[in-house]
Structures are given as structure tokens and as C-alpha cells.
Amino acid sequence: MDIGIVSMRYAKALIEYAKGTGAEDRVYGELRMLERSFRKHPDLRDALDNPILKIKEKLALICTAAVGDGEVSREFSRFITLVLRNRREYYLQYIALTYLDLYRKLKHIGVGKLITAVPVSREVWERIRDSASTLLHARMELQTEVDPSIEGGFVFDINDFRLDASIATQLKRVKQQFIDKNRRIV
């Protein structure tokens with residue numbers, strides 16, 4: 001079965017279930033952390049694909065990845081148990097991503113990422129987040145990343161739009177213009 005179809009069906013079912021119990025915000029937080037765990041620890045997927053591990057062990061692993069030492073919501077626990085019983089653990093990361101998208105659409109939340117050469121202050125971070133929130137007429141989730149290779153300036157991704165004002169990109173453009181100009185002369 002197609003990954004997109006499976007993940008959408010499970011994510012839609014979970015969001016409806018969580019909305020019905022009023023736990024969609026908590027489940028969102030748990031799935032957000034679980035998705036981060038998948039990205040940071042690729043071996044998590046390997047562990048879930050391991051046929052030797054029992055459902056209880058996989059459930060404990062997923063719950064730890066979602067909340068650490070805390071306790072997961074009843075809705076999250078029941079949903080993960082359903083996924084494991086139906087042997088759909090392979091799709092879990094995709095289900096989490098789909099749920100996050102559905103939740104953000106439901107709650108009118110925009111997603112942004114600011115990449116800078118040096119860390120930005122909390123004040124600057126809040127100003128950028130608030131400005132983007134005003135422009136989008138939505139609440140914003142803004143992530144920051146430090147990447148010294150951009151040399152200065154910033155790269156700002158928001159939803160499907162990218163504003164690249166980095167020094168590295170500016171230098172590449174100048175270099176390309178210089179190369180193109182020399183080709184025309186020769």
C-alpha cells in the first residue's frame with residue numbers, strides 16, 4: 001500500500017480521535033517530539049523494524065522517544081498500540097509528519113526556519129516570529145539553525161517560500177555573473 005495513503009488514513013483517524021477527547025494539542029506535542037527523535041536517531045527506525053522486539057518493547061521505545069521519562073497521553077498510547085498491532089510501525093514517522101501537517105492546518109500555524117551564521121538573540125527571534133505571524137495571519141513556529149557556511153546574512157524558509165539573503169549566495173551570484181560575462185567576451 002502507498003505510504004501517503006496509509007499515513008493519511010492513520011493521521012486523520014488520530015486527529016479526529018484526539019479532537020473528540022480534547023487531546024489534540026497534547027498528541028501534537030508528543031508526535032512533534034517523536035518526529036524529532038526519528039530525525040536525530042535513525043537507529044530508532046531500525047529498532048522498530050526489528051521483528052525480535054515485542055509490541056510492549058516497541059511501545060515503550062516509542063513512548064520514550066515521544067516524551068522522555070514523562071507519561072504519554074492515553075490517546076497517544078492507544079494509537080501507537082493500534083499501529084503496532086496492525087504492523088504499521090514502518091509508517092510511523094510518515095504518520096507523525098502527516099498529523100503535524102493536519103494539526104497545523106487545523107490550528108492555522110505557519111512553520112518557519114531561520115538560518116544564520118551566528119546565533120540570534122531571543123529578542124530578534126521573537127521579532128521575526130511576530131512579524132511572520134502578522135504577515136501570515138497565523139501563529140508561527142520558528143526554528144533557528146546556525147550554519148557558519150552562509151558566512152553572514154540569513155536564509156529564511158516559511159511554508160513553501162525561501163528568502164536567501166546570505167553572503168555565500170550573494171558571492172555565488174557575483175561569481176556566476178563574472179563567468180557568464182567572460183563567456184560572452186570570448
*Atom CG of Leu135 and atom CG of Asp130: how far apart are they, to the nearest 0.5 Å?*
11.0 Å
*asked:* As an exercise, state the distance from CZ of Arg122 to CZ of Arg129, rounded to the nearest 0.5 Å.
replied: 6.5 Å
*asked:* Check this for me: Met33, atom CE, are more than 12 non-hydrogen atoms of other residues, nucleotides or ligands nearer than 6.0 Å?
replied: no
*To the nearest 0.5 Å, how far apart are CD in Glu24 and OH in Tyr99?*
6.0 Å
*Do you know which two heavy atoms are closest between Glu35 and Ala96, and how far apart they sit?*
CB-CB, 4.4 Å
*Can Ile62 be reached from Leu82 by stepping across I, L, V, M, F, W or Y side chains whose heavy atoms are under 4.5 Å apart?*
yes
*Is the closest side-chain heavy-atom distance between Gln170 and Arg173 below 4.5 Å?*
yes
*Counting N and O atoms only, with roles assigned by atom type, does the side chain of Trp125 sit under 3.5 Å from a partner on the main chain of Leu142, one being a donor and the other an acceptor?*
yes
*Between Leu14 and Glu75, what is the shortest heavy-atom contact and its length?*
CD1-O, 4.5 Å
*Donor-acceptor pair between Tyr103 and Arg32 side chains, under 3.5 angstrom*: no
*Would you indicate whether the side-chain heavy atoms of Arg74 and Thr21 approach each other to under 4.5 Å?*
no
*Could you tell me whether a side-chain N or O of Lys58 sits under 3.5 Å from a main-chain N or O of Leu48, the two making a donor and an acceptor?*
yes
_Within 45° cone of Tyr90 ring axis and under 6.0 Å: Arg45 NZ or CZ_ = yes
*Search all heavy atoms of Thr169 against all heavy atoms of Asp164 and return the closest pair with its distance.*
OG1-OD2, 2.7 Å
*Cluster link Leu31 to Val83, ILVMFWY, side chain under 4.5 Å*: yes
*asked:* Please give me the minimum heavy-atom distance between Gly110 and Ala138, naming the atom from each residue.
replied: N-CB, 4.2 Å
*Should Val72 and Phe38 be regarded as members of a common hydrophobic cluster, given that ILVMFWY residues are connected when their side-chain heavy atoms come within less than 4.5 Å of each other, either directly or indirectly?*
yes
*asked:* Any heavy-atom pair between the side chains of Arg104 and Leu100 that's under 4.5 Å?
replied: yes
*Spacing of Arg87 atom CZ and Ile55 atom CD1 [to the nearest 0.5 Å]*: 6.5 Å
*Counting N and O atoms only, with roles assigned by atom type, does the side chain of Ser166 sit under 3.5 Å from a partner on the main chain of Phe154, one being a donor and the other an acceptor?*
no
*For the residue pair Tyr10 and Phe79, does the interplanar ring angle fall in the parallel (under 30°), tilted (30 to 60°) or perpendicular (over 60°) class?*
perpendicular
_Quick check on the hydrophobic clustering: are Leu163 and Ile167 connected, directly or via other members, by side-chain heavy-atom contacts under 4.5 Å?_
no
*Rounded to the nearest 0.5 Å, how far does CD of Glu126 lie from CE of Met140?*
14.0 Å
*In Å, rounded to the nearest 0.5 Å, how long is the span from CG of Leu84 to CD of Glu89?*
5.5 Å
*Establish whether Ile158 and Val155 are linked, either directly or via other cluster members, by ILVMFWY side-chain heavy-atom contacts under 4.5 Å.*
no
_I'd like to know if the side chain of Ser7 and the backbone of Ile3 have a donor-acceptor N/O pair within less than 3.5 Å._
yes
*Are there more than 12 heavy atoms of other residues, nucleotides or ligands under 6.0 Å from atom NZ of Lys107?*
yes
*Closest approach of Gly152 and Ala117, non-hydrogen atoms and distance?*
N-CB, 3.7 Å
*asked:* Check this for me, if you would: do Glu16 and Lys19 make a salt bridge, where the nitrogen-to-carboxylate-oxygen distance has to be below 4.0 angstrom?
replied: yes
_Is the shortest side-chain heavy-atom distance between Val67 and Phe76 below 4.5 Å?_
no
*Between Glu57 and Ile52, what is the shortest heavy-atom contact and its length?*
OE1-O, 4.4 Å
_Whether Glu30 side chain and Ser73 backbone form a donor-acceptor pair below 3.5 Å_ = yes
